[in-house]
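All values below come from the heavy atoms of this structure, side chains included, with hydrogens, waters and symmetry mates left out. Remember, it's 1-based here, ligands and their atoms both numbered in the order they're listed.
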Amino acid sequence: MPQPPCAPTAVRRVACIGAGVIGGGWAAHFLARGYDVTAWDPAPDAAGKLRRLVAAAWPALEQLGLAEGASPDRLTVAASLEEAVADAQFVQESAPEKLELKRGLLARLAAAAPAGAVIASSTSGYPMTDMQTEAADPGRLVVGHPFNPPYLIPLVEVVGGEKTDPAAVEWASRFYEAAGKSVITMDRELPGFIANRLQEALWREALHMVAGGEATVRDIDASITEGPGLRWAFMGPCLTFALAGGEGGMAHMLDHFGPSLKSPWTRLEAPELDEALRTAMVEGCDEAADGRTIAQLAAERDQGVIDVLRATGRLPRPRSDEAGGTE
Ligand SMILES: NC(=O)C1=CN([C@@H]2O[C@H](COP(=O)(O)OP(=O)(O)OC[C@H]3O[C@@H](n4cnc5c(N)ncnc54)[C@H](O)[C@@H]3O)[C@@H](O)[C@H]2O)C=CC1
Ligand SMILES: C[N+](C)(C)CC(=O)CC(=O)[O-]
């Protein structure tokens with residue numbers, strides 16, 4: 001792989017390709033951290049939608065603290081993909097989760113972006129090995145998997161594919177850290193990476209319970225927000241379960257509960273996502289929303305995440321180049 005155009009801490013210009021929920025959220029994050037952002041999205045109404053998304057996110061970002069010079073005015077919406085990435089020092093792809101589309105798009109991005117510039121995909125599950133097949137220079141393609149909304153949830157999972165240069169994975173991890181993210185760098189591809197693999201197990205069980213009429217959407221959500229979710233905001237599932245073993249810690253927890261966990265671990269297959277289950281989930285969510293719109297729920301979520309970050313002492317650090325990084 002040719003050298004990236006600059007050091008990870010010296011990046012000033014980022015391109016966001018695909019500007020929906022996640023691409024727009026990434027744009028808001030990078031703008032708040034003081035980067036110049038150029039976005040491109042083929043949808044006819046994409047520019048207006050993106051600016052509305054950034055405007056809706058900005059109050060939350062102001063609460064967290066903006067980087068010096070950060071402004072929504074530093075967002076440019078390009079007329080073409082090629083124009084969007086022509087000058088980019090880093091590219092974040094957030095197009096729809098369709099493998100063929102990602103393959104072609106990543107190849108186009110690799111052809112158009114400056115030599116060596118790292119290109120990250122927001123994919124929530126495809127291995128980079130499967131997505132980098134059409135690119136002329138796959139070495140600079142990595143997965144940078146964010147969490148919704150990327151402007152508030154710190155975690156990014158970074159992993160390369162078989163043809164990715166390890167230097168690109170390293171560069172991307174350092175860049176995201178400089179941009180204020182909390183990074184897990186994976187040394188191998190796993191289906192769903194780490195967090196989605198865990199979330200998918202939870203989600204599979206939730207859908208089973210709704211499909212079987214065993215629990216309502218409201219009950220399922222309350223079972224997490226009033227229960228384990230409170231612990232998970234600051235202590236992960238392994239350490240919280242180590243505490244379930246009392247003074248004996250994880251060893252006693254496994255000896256005590258392990259045998260009885262074998263059945264729940266192996267009982268269920270993937271649920272059939274048929275029309276009835278889809279309807280039950282949609283109606284259950286409408287009921288649980290209690291008349292709140294998506295925009296109201298998003299604002300509530302944003303405030304909740306900020307409160308948790310603040311309460312647990314995890315407000316974002318300043319950008320590392322602000323602390324003296326150089327080109
Ligand atoms: N929604 C979520 O919670 C999360 C999604 N992701 C990943 O982020 C990516 C984007 O997902 P969302 O933002 O949720 O989808 P979305 O549907 O909200 O946005 C996708 C955007 O891509 C645009 N688009 C369509 N064709 C395109 C093309 N050829 N090139 C560039 N842009 C194109 C669409 O116009 C749309 O604005 C997916 O890979 C998804 O797996 C990752 C983490 C969380
Ligand atoms: C729903 N999702 C699988 C796209 C979610 C993610 O990938 C991460 C998240 O935001 O939880």
Atom 42 (C) of ligand 1 [closest protein heavy-atom partner, distance rounded to 0.1 Å]: S122 O, 3.2 Å
Per-atom contacts, ligand 1 versus T123 - under 4.0 Å to a heavy atom: 39 (O)
Check: K102 and E97 side chains under 4.5 Å, non-hydrogen atoms: yes
Contact check, side chains of P149 and R301, non-hydrogen atoms, under 4.5 Å: yes
Ligand 1 contact on K49 by region, counting heavy-atom pairs under 4.0 Å: neither
Heavy atom of the protein closest to atom 27 (C) of ligand 1 (residue, atom name, distance): P42 CG, 3.5 Å
V85 and L109, any side-chain heavy atoms less than 4.5 Å apart: yes
Numbered atoms and elements of ligand 1 in range of G20, under 4.0 angstrom, heavy atoms: 13 (O), 18 (O), 19 (O), 21 (C), 37 (O)
Verify atom 17 (O) of ligand 1: protein non-hydrogen atom under 4.0 angstrom away: no
Validation row: L152, L64 side chains within 4.5 angstrom (heavy atoms): yes
Test item: protein heavy atom less than 4.0 Å from atom 8 (C) of ligand 2: yes
Structural part of L81 in contact with ligand 1, heavy atom criterion under 4.0 angstrom: neither
Nearest protein heavy atom with distance in Å, relative to atom 44 (C) of ligand 1: I22 CD1, 3.5 Å
M186 and I194, any side-chain heavy atoms less than 4.5 Å apart: yes
Atoms in ligand 1 with a heavy atom of K102 nearer than 4.0 Å: 38 (C), 39 (O)
Contact check, side chains of Q89 and P4, non-hydrogen atoms, under 4.5 Å: no
Numbering as shown, the atoms of ligand 1 that approach N148 to under 4.0 Å (heavy-atom distance): 3 (O)
Close approach, H145 and ligand 2, non-hydrogen under 4.0 angstrom: yes
Under 3.5 Å side-chain donor-acceptor pair for S122 and Q92: yes
Criterion side chain to side chain contact (heavy atoms under 4.5 Å, CB included) on W40 and E83, from CA distance to verdict: CA-CA 9 Å; W40 176 76; E83 184 188 322; over 6 Å; no
Which of the ligand 1 atoms, numbered from 1, are nearer than 4.0 Å to a heavy atom of L105: 30 (N), 31 (C)
Element-labelled atoms of ligand 1 that are located less than 4.0 Å from some non-hydrogen atom of W40: 30 (N), 31 (C)
Student check: side-chain heavy atoms of L31 and W58 closer than 4.5 Å: yes
Minimum-distance protein heavy atom relative to atom 20 (C) of ligand 1: S94 O, 3.8 Å
Sub-3.5 Å N/O-N/O distance, F147 and ligand 1: no
Proximal atoms of ligand 1 relative to S124 (non-hydrogen, under 4.0 Å): 40 (C), 41 (O), 42 (C)
Approximate separation, where rounding is to 0.5 Å, of N148 CG and I153 CD1: 8.0 Å
From A195, G192, S124 - option closest to atom 4 (C) of ligand 2 by heavy atom: S124
Those atoms of ligand 2 less than 4.0 Å from some heavy atom in N196: 3 (C), 6 (C), 7 (O), 8 (C)
For ligand 1, the portion of E93 having any non-hydrogen atom under 4.0 Å away: neither
Residue pair E100, E134: steps toward the side chain to side chain contact (heavy atoms under 4.5 Å, CB included) verdict: CA-CA 10 Å; E100 282 308 321; E134 292 174 16; 4.0 Å; yes
Contact (N/O only, under 3.5 Å) between E97 and ligand 1: yes
Shortest protein heavy-atom distance from atom 15 (O) of ligand 1, along with the residue and atom involved: V21 N, 4.7 Å
Short N or O distance, H145 and ligand 1, threshold 3.5 Å exclusive: no
Top protein contact for atom 11 (O) of ligand 2, by heavy-atom distance: Q199 NE2, 2.8 Å
Per-atom contacts, ligand 1 versus A43 - under 4.0 Å to a heavy atom: 35 (O)
Distance (rounded to the nearest 0.5 Å) between R140 CZ and M1 CE: 8.5 Å
Which segment of I153 sits under 4.0 Å of ligand 2 when only heavy atoms are counted: neither
Criterion side chain to side chain contact (heavy atoms under 4.5 Å, CB included) on K181 and H29, from CA distance to verdict: CA-CA 10 Å; K181 304 301 284 186; H29 174 76; 3.4 Å; yes
Side-chain H-bond candidate by donor/acceptor type, T312 with R314, under 3.5 Å: yes
Check: I22 and P146 side chains under 4.5 Å, non-hydrogen atoms: yes
Nearest non-hydrogen protein atom, atom 9 (C) of ligand 1: A95 O, 3.3 Å
Atom 10 (O) of ligand 2 [closest protein heavy-atom partner, distance rounded to 0.1 Å]: N148 N, 2.9 Å
Heavy-atom nearest neighbour in the protein, as seen from atom 21 (C) of ligand 1, with distance rounded to 0.1 Å: D41 OD2, 3.5 Å
Mutual orientation of the aromatic rings belonging to F175 and F30 [parallel < 30°, tilted 30-60°, perpendicular > 60°]: tilted
Protein residue, atom and distance nearest to atom 25 (C) of ligand 1, heavy-atom basis: P96 CD, 3.4 Å
The single option from Y151, Y176, Y35, F90 passing ring pair (Phe, Tyr, Trp, His ring centres under 6.0 Å) against W26: Y176
